[in-house]
Amino acid sequence: MSHEHVSYLELLARGAAAEAYDRPVLLARASGAGPETLAGLEEAKQLALRVRAELEGRRRREAELSALFATAHDLAGLRDLDAVLRAIVQRARSLLGTEVAYLSLNDPTAGDTYMRVTEGSVSARFQQVRLGMGEGLGGLVAQTARPYVTDDYFQDPRFQHTRTIDAAVRDEGLVAILGVPLSLGSQVIGVLFAADRRARVFEREQVALLASFAAHAAVAIDTANLLAETRSALAELERANDIIREHSGVIERASEVHDRLSELVLRGGGVHDVAHAVSEVLGGTVEFTEAGAGSVGVTGAGAGSTGVAGSARRDGGHAVREGDDWVAAVSAGGEPLGALVLRGRPDLDPVDQRTLERAALVTSLLLLARRSAGEAEQRVRGELLDDLIDAPDRDRGLLRERAARLRTDGDVPHVVLAARVDRAAGGPADSDAGRRESADRRRLWSAASHLAATRHGLASARDGGTVLLLPLGPGESAADLARQTAKGLGGTLREPVTVGASAPVRALLDRPDQVAVAYGEARRCLDALGLLHRSGQGAAAEDLGFLGLLLADGRDIEGFVGRTIGQVVAYDRRRGTDLVRTLDAYFASGMSPARTKDELHVHVNTVAQRLERVGRLLGPDWQSPARALEIQLALRLHALSDVVTGA
């Protein structure tokens with residue numbers, strides 16, 4: 001290994017800035033290194049930068065999860081509300097990489113909003129600003145209870161600009177602002193913001209992350225209020241020992257479940273563990289019901305579990321009673337994930353209701369973490385497939401290592417499949433149609449990624465659809481795989497999914513340039529299926545007759561001739577007959593037996609007998625227009641092949 005390559009490893013080891021990776025190339029160029037050496041160093045630099053980017057992404061995801069778990073731990077031991085809120089705002093600013101983060105709360109008495117916590121702010125006016133309800137970006141968030149983001153606040157007409165707000169924002173120098181609501185049930189009590197002093201686009205994952213911090217902040221405020229209410233209640237209940245004991249027991253249960261849930265989060269427990277812990281503390285049976293699915297809990301699914309989260313969502317996330325059961329919705333960033341269902345406790349104390357709600361919040365964090373890990377693997381699979389298509393000249397050893405980490409065996413034959421969702425034509429060309437198309441693409445990519453992970457293949461969103469690279473099973477053909485994939489993806493999405501397949505690709509990691517060629521072939525096959533009005537089906541070039549011959553890059557003429565007239569050719573060779581020549585004369589004579597017998601100088605009955613034999617070999621529909629066209633093309637190719645080979 002050269003000294004310069006070792007330099008890149010040292011840069012990776014000490015976490016150097018991206019600019020530092022140019023130094024080995026510059027030094028080599030200054031020392032008069034040759035073009036080949038410089039090219040090798042440039043390739044090594046690019047590889048090192050990609051490794052650095054992947055490490056940075058992993059560190060960022062680990063930091064996000066650690067911050068969320070640390071915040072949950074802070075809530076379990078809540079003592080100082082201001083300290084917890086400051087920690088939440090600081091973590092939000094750090095993880096989103098913004099220059100400023102702040103939290104405002106509504107003042108129902110004064111009818112306005114005031115700053116509670118700021119981080120990174122330098123303007124005294126901004127830190128002390130009070131806003132009327134409905135004003136500015138924060139007012140719109142509070143009004144709609146939905147996140148809002150702007151790349152350039154002063155150029156955005158969606159918000160009610162006032163002199164006071166604009167002056168404070170301008171004094172702070174803010175340009176890009178993201179705001180998410182702090183909600184307690186259906187009531188918005190404030191807004192959590194992240195902002196930059198330059199134009200910036202906030203990603204969907206960043207919006208979801210800030211929404212999770214906002215949920216924690218709302219829980220902290222609610223917990224502080226709850227503790228204040230409890231202290232007041234305990235002071236009043238000193239005159240009645242029986243009520244004191246009752247409330248003490250409730251608080252003990254709440255404290256116990258908070259401690260146990262915090263421990264579960266810290267040691268990486270799952271949804272089943274949360275359900276089991278809450279079941280033991282509350283004295284009932286808790287089940288988790290996924291959105292649109294069954295239950296996962298201590299005792300498994302129960303009747304009527306599906307859809308029970310709807311009432312809880314309508315009630316703003318509070319635990320609600322459904323018959324003798326209690327239901328708390330589980331959601332993340334406004335997206336419903338399911339619900340926790342408590343059975344066997346029809347008379348539930350309000351504090352125990354809050355305990356169930358806290359458990360639902362912890363469940364949402366665990367599910368969000370699991371989803372983040374799954375999406376990370378999907379992205380890695382998509383990146384490898386994109387590299388195989390776009391950059392097949394990458395280091396093959398590195399490609400093989402990446403494939404091995406994803407359990408993709410490059411030594412078995414693979415097929416490239418191009419897939420897309422085909423809705424019925426004629427719908428309105430409006431913004432709703434555009435959103436549906438975009439949603440269809442996301443759903444298709446998600447389903448294809450799951451299929452690829454299951455079959456140890458790869459998947460990526462590409463060219464308005466999805467491309468997959470899947471291994472062939474024993475005895476399986478490319479056409480079989482295309483049909484299975486179209487059927488499986490269509491069943492998952494409940495929409496017709498059309499799939500075009502390439503010919504099998506062998507030793508793809510030894511010759512990665514094959515993948516791009518195969519992808520082009522799969523795309524052409526997909527387009528041909530659309531032209532043939534075969535939407536919702538799967539096919540390979542071999543399924544499309546002579547059209548498949550035109551689509552395939554390999555131009556498998558011998559295979560096409562064999563599939564079309566191979567039985568007739570083989571019969572002539574075995575029996576010494578003249579069926580191929582008879583077929584050629586028959587088509588040349590306009591499919592007239594009389595003119596055919598003149599061309600061959602035989603009796604018309606001989607022609608009829610030969611054509612009858614052809615029908616038994618090729619099937620009764622061999623004279624239909626489509627079959628006749630393919631047979632004539634195969635005869636012509638067979639004759640040309642005989643001329644070329646001298647047969």
Side-chain angles (χ1 to χ4, degrees), residues 381 384-385 388 400 403-404 406-419 447-460 466-492 496-512 514-526 528-529 532 534 536-571 574 617-619 621 627 630 634:
R381 290 181 181 276
L384 176 55
L385 182 51
L388 288 172
R400 189 172 290 277
L406 296 171
R407 294 190 296 171
T408 298
D409 186 357
D411 296 326
V412 303
H414 281 67
V415 172
V416 177
L417 304 111
S449 297
H450 177 74
L451 175 61
T454 302
R455 292 197 55 147
H456 306 310
L458 305 174
S460 176
T466 296
V467 55
L468 300 96
L469 180 67
L470 299 180
L472 279 176
E476 191 175 42
S477 68
D480 295 334
L481 187 55
R483 286 189 286 271
Q484 293 170 15
T485 304
K487 182 178 179 181
L489 295 178
T492 300
V497 175
T498 309
V499 177
S502 72
V505 177
R506 305 179 190 280
L508 63 94
L509 295 178
D510 293 329
R511 289 186 53 205
Q514 300 176 91
V515 179
V517 175
Y519 175 57
E521 181 179 329
R523 285 287 308 281
R524 291 191 293 274
C525 186
L526 178 64
L529 288 173
L532 295 172
R534 291 176 59 179
Q537 299 182 27
E542 64 189 54
D543 291 322
L544 303 179
F546 74 90
L547 181 57
L549 181 66
L550 298 176
L551 291 172
D553 278 341
R555 302 290 191 265
D556 183 14
I557 294 175
E558 183 179 349
F560 172 75
V561 172
R563 290 191 299 272
T564 308
I565 61 171
Q567 290 185 324
V568 175
V569 173
Y571 190 89
R574 289 196 310 269
L617 292 171
L618 299 184
D621 65 336
R627 288 289 306 281
E630 292 194 355

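Here CG of Leu526 is found 12.0 Å from CZ of Arg534. Values are rounded to the nearest 0.5 Å. Atoms NE2 and NE2, on His414 and His456 in that order, are 10.5 Å from each other to the nearest 0.5 Å. Here the OH atom belonging to Tyr519 is positioned 10.5 Å from the CG atom belonging to Leu468, to the nearest 0.5 angstrom. In this structure, CG on Leu618 lies 8.0 Å from CD1 on Ile565, to the nearest 0.5 angstrom. Note that OG of Ser502 and CZ of Arg524 are 10.5 Å apart. Values are rounded to the nearest 0.5 Å. Once rounded to the nearest 0.5 Å, the distance linking CD of Gln484 with NZ of Lys487 reads 9.0 Å.
When the salt bridge (Lys or Arg N to Asp or Glu O under 4.0 Å) test is applied to Arg506, no partner is found at least two apart in sequence or on another chain. With sequence neighbours left out, the salt bridge (Lys or Arg N to Asp or Glu O under 4.0 Å) criterion links Arg455 to Glu476. Residues satisfying the side-chain hydrogen bond (donor to acceptor under 3.5 Å, both in side chains) test with Thr466, not counting sequence neighbours, are none.
Side-chain contact check for Leu458 versus Leu470: every heavy-atom pair is 4.5 Å or farther apart. Residues Glu521 and Val517 are not in side-chain contact: their nearest non-hydrogen atoms beyond the backbone lie 4.5 Å or more apart.
What you find for Ala501 and Leu417 is that their closest heavy atoms are CB-CD2, 4.0 Å.
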